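Here's the structure we're looking at; comments come further down.
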2 protein chains.
Amino acid sequence: MSETLPGDPLRLEQQLCFPLYAASRLVTRLYQPLLEPLGLTYPQYIVLMILWEESPCSVSRIGERALLASNTLTPLLKRLEQQGLVQRSRAAHDERVVTIALTEAGQALRRDCACVPAKLYQQVGYPLDEARQLKAQLDTLLARLASLPPG
Amino acid sequence: MSETLPGDPLRLEQQLCFPLYAASRLVTRLYQPLLEPLGLTYPQYIVLMILWEESPCSVSRIGERALLASNTLTPLLKRLEQQGLVQRSRAAHDERVVTIALTEAGQALRRDCACVPAKLYQQVGYPLDEARQLKAQLDTLLARLASLPPG
DNA sequence: CGAATATAAGTCGCACACGATTTAATCGTA
DNA sequence: TACGATTAAATCGTGTGCGACTTATATTCG
């Protein structure tokens with residue numbers, strides 16, 4: 001038998017990728033009960049955070065910040081449009097570009113989301129120091145990953 | 001206008017959740033070219049790592065370690081079965097339990113995956129110290145998240 | 001100018017994730 | 001021992017992610 005030994009690089013507990021993957025999913029799950037009453041999914045919430053900072057905004061600009069491509073964003077944005085939170089329109093200066101603008105309702109939703117970060121943070125009860133340090137390290141990793149040559 | 005200000009908790013760059021979510025996706029994307037030639041997806045690779053450590057193994061045991069439920073695992077395991085990597089069978093002592101056992105091919109695939117962790121690590125070029133520290137912090141966070149009361 | 005190229009979004013197909021529900025088997029206990 | 005509660009998988013529906021491709025528009029340069 002080719003049993004895995006304690007130091008084997010293929011052991012689950014040796015992986016950096018696994019806690020990253022699992023923690024990401026569990027955090028998304030924690031958001032769900034906070035966002036569901038607002039009719040939002042977690043990726044939709046991410047996109048809205050971008051729009052609350054800059055609206056109007058092109059699809060590719062959103063993709064640049066969320067690191068998502070149009071094949072993910074287009075359906076997501078159509079759902080936000082159907083909920084009346086954003087408006088989609090072709091840019092005049094370049095007909096290829098689709099401009100996403102928050103509606104009144106989309107702007108207003110920001111107030112309902114204001115308490116979400118604090119509520120989530122409180123649920124996890126994660127020490128602030130550790131959280132800050134982890135965020136710094138994740139930001140570094142993310143920057144490195146995002147700068148890797150594609151392919 | 002309710003513009004977001006630099007210190008606003010709803011700003012994307014203030015979030016811990018976003019780099020977690022984005023880094024997790026980018027890492028999965030990095031695995032893809034390494035796993036695709038072996039006919040594997042990233043979640044399938046995770047499940048196989050568990051099976052390389054303990055096979056046979058029940059579906060719920062896999063779920064316990066991967067933090068995935070049967071609604072995700074059942075289809076995934078059926079695909080692994082179709083590829084001839086695992087065998088699914090009802091346990092004799094309890095007919096509710098489905099036992100997953102690696103086939104010869106499933107065992108053999110472990111050797112082809114042996115180089116995957118090193119290759120990935122090399123691609124990212126992430127300093128070992130930082131990686132170790134980040135992993136420790138993610139393990140801590142994951143333990144905390146997994147121990148939260150459900151609901 | 002005009003063809004080749006590049007770019008922005010969208011479409012398609014597949015494989016997750018996961019809440020909610022269902023089905024089947026086992027367990028607990030009156 | 002019967003029967004309600006519990007448990008293990010599976011099923012179903014929705015919403016991502018993403019590789020591969022298409023479509024429409026703009027740009028470049030011969």
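Since the structure is predicted, the reported quantities are computational estimates derived from the model, not experimental observations. A, B, ... follow the sequence lines: proteins, then strands. Residue 1 opens every chain.
- By the 6.0 Å contact criterion, CD on A:Q87 is open, its count of non-hydrogen atoms from other residues, nucleotides or ligands being 12 or less.
- On a pure distance criterion of 3.5 Å, a polar donor-acceptor pair joins the side chain of A:S70 and the base of C:dG10.
- Following rounding to the nearest Å, B:E64 (CD) and D:dA9 (P) show an atom-to-atom distance of 11 Å.
- Closest to the side chain of B:Q32, out of D:dG19, D:dG15, C:dA8, is D:dG19.
- Within 4.0 Å of B:R61, counting heavy atoms only, lies no atom of the nucleic acid at all.
- Across the protein-nucleic acid pair, A:E95 atom CD and D:dT27 atom P stand 12 Å apart, rounded to whole Å.
- Using five terminal pairs a side, the axes of the helix from C:dC1-D:dG30 to C:dA30-D:dT1 at its two ends make an angle of 10°, given in steps of 10 degrees.
- The separation between A:L76 atom CG and D:dT14 atom P is 16 Å, rounded to whole Å.
- A 4.5 Å side-chain heavy-atom check between A:F18 and B:L142 finds at least one atom pair inside the cut-off.
- Within 4.0 Å (heavy atoms only), A:Q44 reaches sugar-phosphate atoms of the nucleic acid but no base atom.
- Between C:dT26, C:dC16, C:dG10, one nucleotide has an atom nearer to the side chain of B:P43 than all others, and that is C:dC16.
- The side chain of A:T74 lies closest to C:dG10 when the candidates are C:dG10, D:dA9, D:dG19.
- For the atom pair A:L40 CG and A:L85 CG, the distance stands at 6.5 Å (nearest 0.5 Å).
- D:dT11 atom P lies 4 Å from atom NZ of B:K78, rounded to whole Å.
- Among the protein residues, A:T72 comes within range of the nucleic acid bases, having at least one heavy atom under 4.0 Å from a base atom.
- Each of B:A92 and A:D94 lies near DNA chain C, and the nucleotide nearest A:D94 is the one positioned closer to the 5' end.
- The side-chain tip of B:R25 points at the ring of B:Y21 from less than 6.0 angstrom away and within 45° of straight on.
- Side-chain proximity of A:R96 to D:dA10, D:dG17, D:dT25: nearest is D:dT25.
- When heavy atoms are screened at a 4.0 angstrom cut-off, B:T28 is found touching no nucleic acid atom at all.
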_Step-by-step ring-ring contact (aromatic ring centres under 6.0 Å, His included) determination, B:Y121 to B:Y126_ = CA-CA 7 Å; B:Y121 194 83; B:Y126 198 50; 7.2 Å; no
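- Rounding to whole angstrom units, CG of residue A:L26 and P of C:dG19 are separated by 10 Å.
- Electrostatic pairing of B:R110 and A:D8 counts as a salt bridge here, judged by a charged N lying under 4.0 Å from a carboxylate O.
- The CG atom of A:L68 sits 16 Å away from the P atom of D:dG15 (whole-angstrom rounding).
- The distance from atom CD1 of A:I62 to atom CD1 of A:I50, rounded to the nearest 0.5 Å, is 6.5 Å.
- Under 4.0 angstrom from either OP1 or OP2 of C:dA8 there lies no side-chain N or O belonging to A:S58.
- Across the protein-nucleic acid pair, A:R79 atom CZ and C:dG10 atom P stand 13 Å apart, rounded to whole Å.
- At the heavy-atom level, A:L73 lies nowhere under 4.0 Å from the strands shown.
- Although no hydrogens or angles enter the test, the distance criterion places a donor-acceptor pair under 3.5 Å between the side chain of A:R90 and the main chain of A:E95.
- Dashed line: the shortest gap from a side-chain N or O of A:R88 to OP1 or OP2 of C:dG10 is under 4.0 Å.
- For B:Y21 and D:dG17, the shortest distance from a side-chain N or O to OP1 or OP2 is below 4.0 Å.
- One atom, CZ of A:R29, and another, P of C:dA20, lie 13 Å apart when rounded to the nearest Å.
- As judged by a 4.0 angstrom heavy-atom cut-off over every strand, A:N71 is placed among the base-contacting residues.
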